[in-house]
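Scroll down for the structure; my scribbles are underneath it.
A quick note: this is a predicted structure, and the numbers were derived from the prediction, not measured. One-based numbering, in listed order, for ligands and for the atoms of each.
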Amino acid sequence: MPKTITIALTGNPNSGKTTIFNNLTGARQKVGNWGGVTVEMKKGLCRHGDYSIRVVDLPGTYSLTAYSIEEIIARNYIVEERPDVVVDVIDASNLERNLYLATQLIELDVKLIFVLNMADVAKNRGFRIDAETLGRLLGVPVVFTVGTRNEGTKEVLDKVVQVYEDSDTNSRNIYVHYGREIEEEIVKIQNLLNCDAKIDRSYSPRWLSVKLLENDPEVRKTLQQKQCLDEKLVKQVNQSCEHLKSIFKDDPESVITERRYGFISGALRETMKSPPWDRRYLSDQIDKILTNRLLGFPLFFFFIWLMFKFTFDLGNYPMEWIDQGVVALQSWVRWVIPSGLFRDLLVEGILSGVGSVLVFLPNIFILFFCIAIFEDTGYMARAAFIMDKIMHSMGLHGKSFIPMIMGFGCTVPAIMATRTLESRRDRFLTILLLPLISCSARLPVYILLAGAFFHRHAGNVIFSIYILGIVLVLLLGQIFKRVLFPGQAEPFVLELPPYRMPTLKGLVIHMWERGSLFLKKMGTVILVGAVIVWFLSTFPRQNPAEHDVRGAVSRGEVSSPGSEVIQPLSYLEKIGYTLEPLVTPLGFDWRHSVALLTGFVAKEVIISTMGVLYHVKDANEESESLRQAIRSSMTPLTAYALMAFVLIYTPCLATVAAIRRETGSWRWAHFSVGVSLLLAWAVAFVIYRAGQGLGFS
Ligand code: GDP
Ligand code: MG
């Protein structure tokens with residue numbers, strides 16, 4: 001009669017658990033589900049010498065806290081079903097991270113084996129691991145395997161039998177030492193637990209104590225069910241937690257986690273040699289600075305600021321060349337084509353409209369190049385990490401930050417990127433906040449206005465608009481979270497891939513992928529928009545000869561009864577004047593109301609609208625660029641208020657469609673448009689009035 005041993009396979013996702021399971025059991029396996037949940041459970045059987053070994057494949061987890069259903073299943077199985085031996089499958093090429101789970105298994109006081117799988121990968125990457133010493137330090141035997149080549153399977157089974165029979169010399173119970181203060185509290189709690197006979201033998205009292213300090217809800221529940229959570233114990237736990245909080249200025253859970261990592265670092269210092277060029281190691285060094293608690297955030301802001309500075313300053317040079325090119329082209333067309341409607345359409349409609357947007361092409365491409373640098377180096381993932389705390393204040397987490405960063409490029413793909421967020425609440429909240437992240441289509445408007453009015457400080461002014469957007473995201477996030485989606489965000493691991501040196505080719509490809517969308521827009525939406533705006537601004541007209549003076553008709557002249565020239569208003573002017581009362585309180589005139597209206601289609605159309613509107617007026621002054629033209633009709637204050645308005649109101653029709661698609665209802669799309677319009681108006685109003693109050697004009 002063979003002896004039966006039950007072993008449980010644990011390990012991080014992708015450590016090769018299933019591969020090892022298949023190596024051990026061959027075809028003899030059964031697939032089912034864990035009771036009541038849709039997490040897969042696999043069981044298998046194998047023979048090894050005189051032993052019959054039953055293998056259970058537990059769900060892959062990074063830790064044994066109670067955050068996910070996988071963690072709870074794995075933990076409860078080990079603690080309650082008590083397998084004879086737990087086999088932890090560890091990715092040897094990513095030892096430090098995988099050992100986090102290992103330290104928690106050590107604490108469970110179970111018979112353990114560490115299988116260092118992916119030994120081939122670790123070796124190729126130049127890691128040298130002293131398994132013998134590591135096993136002695138941790139008190140757990142260590143076996144190397146290469147799952148894909150079925151190497152080490154027999155050694156694993158040999159060790160299982162040895163550990164089961166208590167004949168392995170390395171096996172002993174060790175503890176992670178949490179430092180004097182925490183250890184003292186552990187002992188206090190443990191003493192209260194020990195004297196309670198009702199507690200199952202299977203629970204290690206030390207483990208229970210640590211879990212209580214970590215405020216683990218599952219353990220609390222279990223103790224309650226077993227009626228072990230008496231008043232005295234609860235009081236002690238609370239006292240201990242408060243005490244530790246006051247010492248560390250941080251919750252005990254974080255400190256305990258830190259200590260575990262400290263333990264791992266210590267164990268690895270003795271037993272693992274990383275290659276000097278190891279990317280992981282270098283990454284860690286860089287991360288010490290870039291994700292530093294104090295430095296991380298200011299550095300992140302500095303990089304973003306640098307990005308805009310770069311985008312604006314460097315983009316200025318090609319901008320002037322393109323501007324001059326467009327003006328030259330306009331003169332040339334005027335020269336070769338006889339005057340008439342068609343020439344006007346070409347020069348004042350298409351060339352003015354599209355040309356005024358075209359000049360911002362270099363800026364857009366530089367911005368996308370910078371974003372590509374963030375992405376390709378791996379800094380973007382850090383940004384999510386750095387922003388995690390702040391995102392939590394909005395009831396979101398760092399992962400939502402990635403769509404938000406993408407939102408600086410274009411809101412539409414950013415809204416689609418929210419699909420990676422698991423919970424509906426996170427997705428909707430992110431989707432509603434995304435339009436406030438200033439997309440690149442809004443950048444030309446800022447560059448035009450800031451360039452015209454703020455000269456040397458233009459870069460900083462634009463940066464301040466972006467910051468305004470972020471501040472509004474934070475505020476609205478707070479409000480939406482409370483009003484629309486009350487509840488907690490679910491925690492999870494943020495991956496930190498190693499830093500990489502980006503390649504120029506990769507950067508250019510990424511820049512092009514996104515920038516070319518902008519070019520395409522130029523040939524479609526913006527072109528059509530410019531033609532429509534030109535049409536509306538030109539018609540109706542009675543006499544082409546009067547055209548040139550008509551543009552000079554200002555609002556005052558039109559309404560004044562003594563006016564000499566009585567002109568029919570163009571459609572555009574009619575629309576503008578109709579809407580004007582809505583924007584007068586913000587210091588805007590009819591032209592701005594028209595520009596904001598056309599801006600609903602896409603933000604670049606604002607520029608082409610202005611291009612058409614202002615060039616009508618300055619039709620004869622060939623060398624006037626748009627920037628100089630608008631300076632005559634606005635003040636720095638109204639320009640800033642206009643920039644804020646453009647920042648806040650709905651980015652474009654495509655965004656509205658995307659919100660409708662991703663939320664599955666028009667209600668959210670309408671809500672988003674309504675809220676953003678109201679907010680835009682209110683903020684522009686406050687800026688304008690406050691600015692006036694402070695003596696700006
Ligand atoms: P699980 O998520 O832990 O179940 O991991 P899997 O068993 O599904 O393995 C994840 C991936 O790693 C698969 O593509 C395996 O083929 C591969 N893999 C598993 N073990 C090894 C190994 O020792 N060396 C290498 N190079 N790849 C492995
Ligand atoms: Mg698997």
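- Not less than 6.0 angstrom separates the ring centroid of F480 from the ring centroid of F485.
- Here the side chain of R382 pairs a donor or acceptor atom with the backbone of G378 at under 3.5 angstrom.
- Ring-plane geometry between F374 and Y379 is classed as tilted, the angle between the planes lying from 30 to 60 degrees on a 0 to 90 degree scale.
- Of the candidates L9, T145, N117, N124, it is N117 that places a heavy atom closest to atom 21 (C) of ligand 1.
- Less than 4.0 angstrom separates some heavy atom of T148 from each of these atoms of ligand 1: 16 (O), 18 (N), 20 (N), 21 (C), 22 (C), 23 (O), 24 (N), 25 (C), 27 (N), 28 (C).
- In terms of polar-atom proximity, G16 is counted as a contact of ligand 1, with an N or O under 3.5 Å from an N or O of the ligand.
- No salt bridge links R180 with E183; every basic N to acidic carboxylate O contact stays at or beyond 4.0 Å.
- Numbered from 1 in the order shown, with element, the atoms of ligand 1 that lie under 4.0 Å from a heavy atom of D120 read 22 (C), 23 (O), 24 (N), 25 (C), 26 (N).
- Taking 4.0 Å as the cut-off, S15 counts as a neighbour of ligand 1 on heavy-atom distance.
- Taking any N or O of A119, backbone or side chain, none lies under 3.5 Å from an N or O belonging to ligand 1.
- For the residue pair N12/S15, the side-chain donor-acceptor check at 3.5 Å is not satisfied.
- For the pair D216 and R220, the salt-bridge criterion is not met [side-chain N within less than 4.0 Å of a carboxylate O].
- At a heavy-atom cutoff of 4.0 Å, ligand 1 is contacted by both the backbone and the side chain of V146.
- If you look at T19 next to ligand 1, the close heavy atoms, those under 4.0 Å, come from the backbone and the side chain alike.
- With ligand atoms numbered from 1 in the order given, ligand 1 contributes 1 (P), 4 (O), 7 (O) to contacts under 4.0 Å with heavy atoms of T18.
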**OP:** For K159 and E155, run salt bridge (charged side-chain N to carboxylate O under 4.0 Å, His left out): C-alpha distance rounded to whole Å, both residues' side-chain angles, the deciding distance at 0.1 Å, then the answer.
**Re:** CA-CA 6 Å; K159 274 289 174 230; E155 285 79 357; over 6 Å; no
